[in-house]
**Q** 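Once you've had a glance at the structure underneath, I'll fire off some questions.
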Amino acid sequence: MKIERPRGTRDFLPDEMERRRAVERVMREIAESFGYREVSTPTFEHLELFTLKSGQGIVEEIYAFRDKSGRELALRPELTAPVMRMFVNECSVMPRPLRFYYLSNCFRYERPQKGRYREFWQFGVELIGSDRPESDAEVIMLAYRILKSLNVNFKLHVGHVGLLRDVLSDVSEKDRAMRLIDKKDWEGLRALLKEEGQADIFDTVIEISEASDVEKAREVYPDFDYSYLEVLFGILEEMDVRFVPDFGIARGLDYYTGVVFEMYAEGLGAQKQVCGGGSYRLSGLFGGEDVPSTGFAIGFDRVVQVCSVEILRKPKAVVVGFGDSIRAFRVAEMLRSAGIHAIVDVMGRNVKKQLSYADSIKADFAVFAGDELERGQVRIKNLRTQEQEDVSLKDLRGYFSGFLNSGS
RNA sequence: GCCCGGAUAGGGUAGUGGUCAUCCUCUGGGACUGUGGAUCCCAGGAGCCGGGUUCGAAUCCCGGUCCGGGCCCCA
């Protein structure tokens, strides 16, 4: 019987991998241009790392298991916790701020649907050590530049959880209230506030959630220090980062302390969020010093689905041999050192079949490695233009130089 | 975890309770051992899995698996 892929996993064929690598390259280059350096953490961690961060409830949503020694482990469902664990374990004396980026697969035990898989990839950054608005500005700008460079149609919402937390300060079930606000479940919220004898703040919460700028929010709720947001929004505006203030973005977990932001793309159905981020304080939870951090995670697979990216390929040549495979391999080596991809027949095919194969794999050149070699030459046929000429082995690099880096 | 819809060669499909099944594409070979794409010929390859109904099931029923859409969740 045939073995199928496990539910929620995917195979990536060469065309798709080329596209994914091209997207990946854009993300890496932009992050590196901001001074971020790549990190990588284990695929599995102690389960406790994730329950500390997200509560016992997540055990049902992740791949958790016991190893042969009885250790409780879990495949990572996200990367912020592992990176902060790494920071606490071995980076706490490095010069701050630290700028890390990552691109890794993560695993969640959930019902797969469009844009949601059980194994998926996250690209993200963490900027560790600053609690100033400049750090939020930098991280938001970075995410924004990445999605712009990939020609994604998206909207950026930026908010601050401190504002709603402040309004809700006398509500005992604050987390539940935040979840209701996040879902915009106003009826549920009204009921909760009534239960708690806080019905009078209901209108304030709604108006804050719907406030379109700082002035509006200040009118509704003056008892909050808006200067942090003013600095942040000022930077974003000056740097041409287009966003909508959205004070209704809520997070149920209390290590999110300040700025939060999300990006939504078109064309993804129900799973339209392609990026989420904000500032948080996690390192204390993991037994380290309480260090402020800011970061984001981009849903790599979703971005691949909706972005458009240029795919650069080197020219591809098929070496046509005439039964002498050593000669063919030698010529292929020379082509490779001239910077192009060289493919040799390993099927024992005749010349017509070799050319037919070259056509079917969309090769750019056919290089005949036959009797011309005795004169130190090969015959090169450009399969795009049909032109062919004999080229000296010494001039291969020169012949192909015009075709390199031309993209396709 | 819940609701809805699907599943026939690698990909796309046709059909019927009654000889182990259509066509396209694909893959390999040949016509054709120094020039491809076309054409022709040959070959390869399939009814998701398990159970039930039936003389007989790929077809009908049930369960499971996987896929798609939505809900829950979204750290």
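All values below come from the heavy atoms of this structure, side chains included, with hydrogens, waters and symmetry mates left out. The sequence lines fix the lettering, A, B, ..., with proteins before strands; numbering per chain opens at 1.
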**Q** Given G29(B), U33(B), G34(B), identify the nucleotide with an atom nearest to the side chain of Glu372(A).
**A** G34(B)
**Q** In Watson-Crick or G-U wobble terms, both distances under 3.5 Å, what is the partner of G15(B)?
**A** none
**Q** Near RNA chain B, counting only heavy atoms under 4.0 Å, which residues of residues 289-307 of chain A show up?
**A** none
**Q** Surrounding CD of Glu134(A) (heavy atoms of other residues, nucleotides or ligands, distance under 6.0 Å), is the total greater than 12?
**A** yes
**Q** For G28(B), which nucleotide is its Watson-Crick or G-U wobble mate, given both distances must be under 3.5 Å?
**A** C42(B)
**Q** Compare side-chain N and O positions of Arg111(A) against OP1 and OP2 of C71(B) and report whether any pair is under 4.0 Å apart.
**A** no
**Q** For Arg179(A), report the nucleic acid contact type (base, sugar-phosphate, nothing); a contact means any heavy atom under 4.0 Å.
**A** sugar-phosphate
**Q** With a 4.0 Å cutoff (strictly under), does any side-chain N or O of Lys353(A) reach OP1 or OP2 of G30(B)?
**A** no
**Q** Sequence neighbours excluded and cut-off under 3.5 Å, please list the side-chain donor-acceptor pairs for residues 240-250 of chain A, or say none.
**A**
residue, atom, partner, partner atom, Å
Asp246(A), OD1, Gly248(A), N, 2.9
Asp246(A), OD2, His157(A), ND1, 2.8

**Q** Counting only side-chain nitrogens and oxygens, does Arg116(A) get under 4.0 Å of the OP1 or OP2 atom of C73(B)?
**A** no
**Q** Looking at every strand, decide which applies to Arg76(A) at a 4.0 Å heavy-atom threshold: base, sugar-phosphate, or nothing.
**A** nothing
**Q** So, is Arg349(A) close to the G28(B) phosphate, meaning a side-chain N or O under 4.0 Å from OP1 or OP2?
**A** yes
**Q** Contact class for Gln388(A) (heavy atom, under 4.0 Å): base, sugar-phosphate, or nothing?
**A** base
**Q** Please tell me if the side chains of Val391(A) and Gln377(A) come closer than 4.5 Å, counting only heavy atoms from C-beta onward.
**A** no
**Q** If we call it a pair only when both distances are under 3.5 Å in a Watson-Crick or G-U wobble match, what pairs with C48(B)?
**A** G64(B)
**Q** So which nucleotide does C73(B) pair with, by the Watson-Crick or G-U wobble rule with both distances under 3.5 Å?
**A** none
**Q** Base, sugar-phosphate alone, or nothing: which one does Gly55(A) contact when heavy atoms must sit under 4.0 Å apart?
**A** nothing
**Q** Could you check whether Glu262(A) gets within reach of a base, just the sugar-phosphate, or nothing at all, counting any heavy atom under 4.0 Å?
**A** nothing
**Q** Please give the nucleotide sitting opposite U35(B) as a Watson-Crick or G-U wobble pair, both distances under 3.5 Å, or none.
**A** none
**Q** Can you tell me how far C1' of G64(B) sits from CZ of Arg7(A), to the nearest Å?
**A** 12 Å
**Q** What contact category does Lys272(A) fall into here, base, sugar-phosphate, or nothing, at under 4.0 angstrom with non-hydrogen atoms?
**A** nothing
**Q** For Tyr255(A), report the nucleic acid contact type (base, sugar-phosphate, nothing); a contact means any heavy atom under 4.0 Å.
**A** sugar-phosphate
**Q** Taking a pair as Watson-Crick or G-U wobble with both distances under 3.5 Å, which nucleotide is matched to U8(B)?
**A** none
**Q** Under a 90° cut-off about 0 for the syn range, is G47(B) syn or anti?
**A** syn
**Q** What nucleic acid atoms does Tyr280(A) come within less than 4.0 Å of, heavy atoms only: base, sugar-phosphate, or nothing?
**A** nothing
**Q** Does the Lys NZ or Arg CZ of Lys155(A) fall within the cation-pi geometry relative to Tyr264(A) - under 6.0 Å from the ring centre and within 45° of the axis?
**A** no
